[in-house]
Protein chains: 2
Amino acid sequence: MARPRTPLLSRERIVAAALRLIDDEGLEALSTRRLATELSVSGPSLYNHFATKDELLDAVVDSVIGEVDLSMFDGVAGTGEGEGEGLPAGPRTPWPEALHAWARSYRAALAAHPNIVPVLAQGPGRRPNALRLADAVFGHLVESGWPRGQATRIGALMRYFVTGSALASFAAGFPADAEVYDAADYPHLGEAHRLAGHRGTVDEGAFETGLEALLDGLVLRFERLAARSS
Amino acid sequence: MARPRTPLLSRERIVAAALRLIDDEGLEALSTRRLATELSVSGPSLYNHFATKDELLDAVVDSVIGEVDLSMFDGVAGTGEGEGEGLPAGPRTPWPEALHAWARSYRAALAAHPNIVPVLAQGPGRRPNALRLADAVFGHLVESGWPRGQATRIGALMRYFVTGSALASFAAGFPADAEVYDAADYPHLGEAHRLAGHRGTVDEGAFETGLEALLDGLVLRFERLAARSS
DNA sequence: ACCTGAACACCGTTCAAGT
DNA sequence: ACCTGAACACCGTTCAAGT
């Protein structure tokens, strides 16, 4: 048919189809030829919209990061009265609260697409949504009184925890087959075959417990910091 | 040449060469044909030792997990005197200490091979070293007084944090090119191009900070638990 | 500008054949 | 038992050709 009057493809359509394929069948299932078939075009057609498969993958990753809520990092110092800015900006949310809300949204966005987490965990690269996220977190921590070096570390360790929790289900990693857990080899795993059946509650419970422990520990550290500098 | 008098390959040699290839050039670089070339044999030869590429990958993953130190989970209740066992088992290490030492060893083993972390993060499956690790951590926590449900969560959240920290360098995820960080778009990332140059210290600092915060938070939780049940 | 088929150098895996 | 070459159905990507 050659060139149609109205384009068959767009970057948006390609990205959406790629993400669907990755979600349904895994990263390995995403081939340019398979994706093209899904979109009812021939393989090379995709190269009119993306230079390489990696560039396409980058776009998919950034669309996922774009789902993360960053609004808890808005707001300015003080009580929020009389700043006279164009945009209504309330007072800044206390950092432990903001970090908590952000981490939950971050995790939810990633856990909806676990198969792409290994790609996204490589860092922001030049992807705008990922850079915006890093900027918002770091900025909020610094303006809340954390030294810059500590703020960097907190950005890093929060990403460690969130990507780790979204990468794969802990519970589902244990085979449901009770035969696997020979009591002679693994004396404490007698109930492990039940784990996979409760993957939702186990993984969410672990995430919440870890997040709260992490934030409690950071608050402790912040208090020690404040005590030293006074 | 057909069958040589002494076998050209062994599972051990194949696993070692595969890990080297993954470390040096990434998971995508590991193809059966490329690996075979590296070992000076033809592609199909590998199938005499592993049924599929996935089975080979499983063996590589378990060899990495086998490097994690679990000795801090040895030891028995009480003072360690007069148990009369065959093996000398000292008193049990307090759980926060044991978890700290284990997490560092776990992270070191994984961070030495970041490209394989996405595979290993899928859970133990039927891999013996991974199951042994899960058994040791869970057993130690339960015997230290944690309720079984909480012990499961702690095993999960520790894996989240460690795999997340080993999956990729936080610092190296930020391009060293200062042009990337336009002040209009990312007002707080003006120094982010320096990050990649300090990847070692940034990532290790973040890991240690996070690990200590996590353990502080868990100790707090454990104390609240003990207070409630008394 | 945007699609196509043909082509190139790759994949994982199977299988018959050799010793 | 353990290696080989040939073969099958796949890959990502390039390129000349079509409108």
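FYI, side chains are in, hydrogens and waters are out, and symmetry mates aren't considered; it's all heavy atoms of this structure. By convention in this document, chain letters (A, B, ...) are assigned in the order of the sequence lines, proteins followed by strands, and residues within each chain are numbered from 1. Keep in mind it's a predicted model, so treat the numbers as computed, not measured.
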Non-neighbouring partners of [X] that pass side-chain hydrogen bond (donor to acceptor under 3.5 Å, both in side chains), sequence neighbours left out:
| X | answer |
| --- | --- |
| Arg11(B) | none |
| Thr209(A) | none |
| Ser31(B) | none |
| Arg132(A) | Asn129(A) |

Can you name the residues that form a salt bridge (Lys or Arg N to Asp or Glu O under 4.0 Å) with Arg104(A), not counting sequence neighbours?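 In terms of salt bridge (Lys or Arg N to Asp or Glu O under 4.0 Å), with neighbours along the sequence ignored, Arg104(A) is linked to Glu208(A).
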For Asp177(A), what residues pass the salt bridge (Lys or Arg N to Asp or Glu O under 4.0 Å) criterion, not counting sequence neighbours?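 Result, salt bridge (Lys or Arg N to Asp or Glu O under 4.0 Å) vs Asp177(A): Arg126(B).
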Classify the ring geometry of Phe207(A) against Phe161(A): parallel below 30°, tilted from 30° to 60°, perpendicular beyond 60°.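 Rings of Phe207(A) and Phe161(A): parallel, under 30°.
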Using atom types as modelled, flag every donor-acceptor pair under 3.5 Å from a side chain in residues 35-43 of chain A to any protein atom, sequence neighbours excluded.
from: Thr37(A); atom 1: OG1; to: Arg33(A); atom 2: O; distance (Å): 2.9
from: Glu38(A); atom 1: OE1; to: Arg34(A); atom 2: NE; distance (Å): 3.3
from: Ser42(A); atom 1: OG; to: Ser45(A); atom 2: OG; distance (Å): 3.4

Gap between atoms [atom1] and [atom2], on [X] and [N] respectively (whole Å):
| X | N | atom1 | atom2 | value |
| --- | --- | --- | --- | --- |
| Leu8(A) | dT19(D) | CG | P | 16 Å |
| Arg13(A) | dC2(C) | CZ | C1' | 14 Å |
| Leu46(A) | dA1(C) | CG | P | 19 Å |

Does His49(B) place a side-chain N or O at less than 4.0 Å from the phosphate oxygens OP1/OP2 of dA1(D)?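 Answer is no, no contact under 4.0 Å.
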Read 5' to 3' with Watson-Crick or G-U pairs under 3.5 Å, [ ] for crossing pairs and | for partners on another strand, DNA chain C gives ||.|||||...|||||.||
Can you tell which of dC3(C), dC2(C), dG18(C) lies closest to the side chain of Arg3(B)?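 Among the listed nucleotides, the one closest to the side chain of Arg3(B) is dG18(C).
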Out of dC3(C), dG18(D), dT4(D), whichever nucleotide has its closest atom nearest the side chain of Ser42(B):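 Of the options given, the side chain of Ser42(B) lies nearest dT4(D).
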Protein proximity profile, nucleotides 8-16 of chain C - base contact B, sugar-phosphate-only contact S, no contact -, cut-off 4.0 Å on heavy atoms: ---BBBBB-
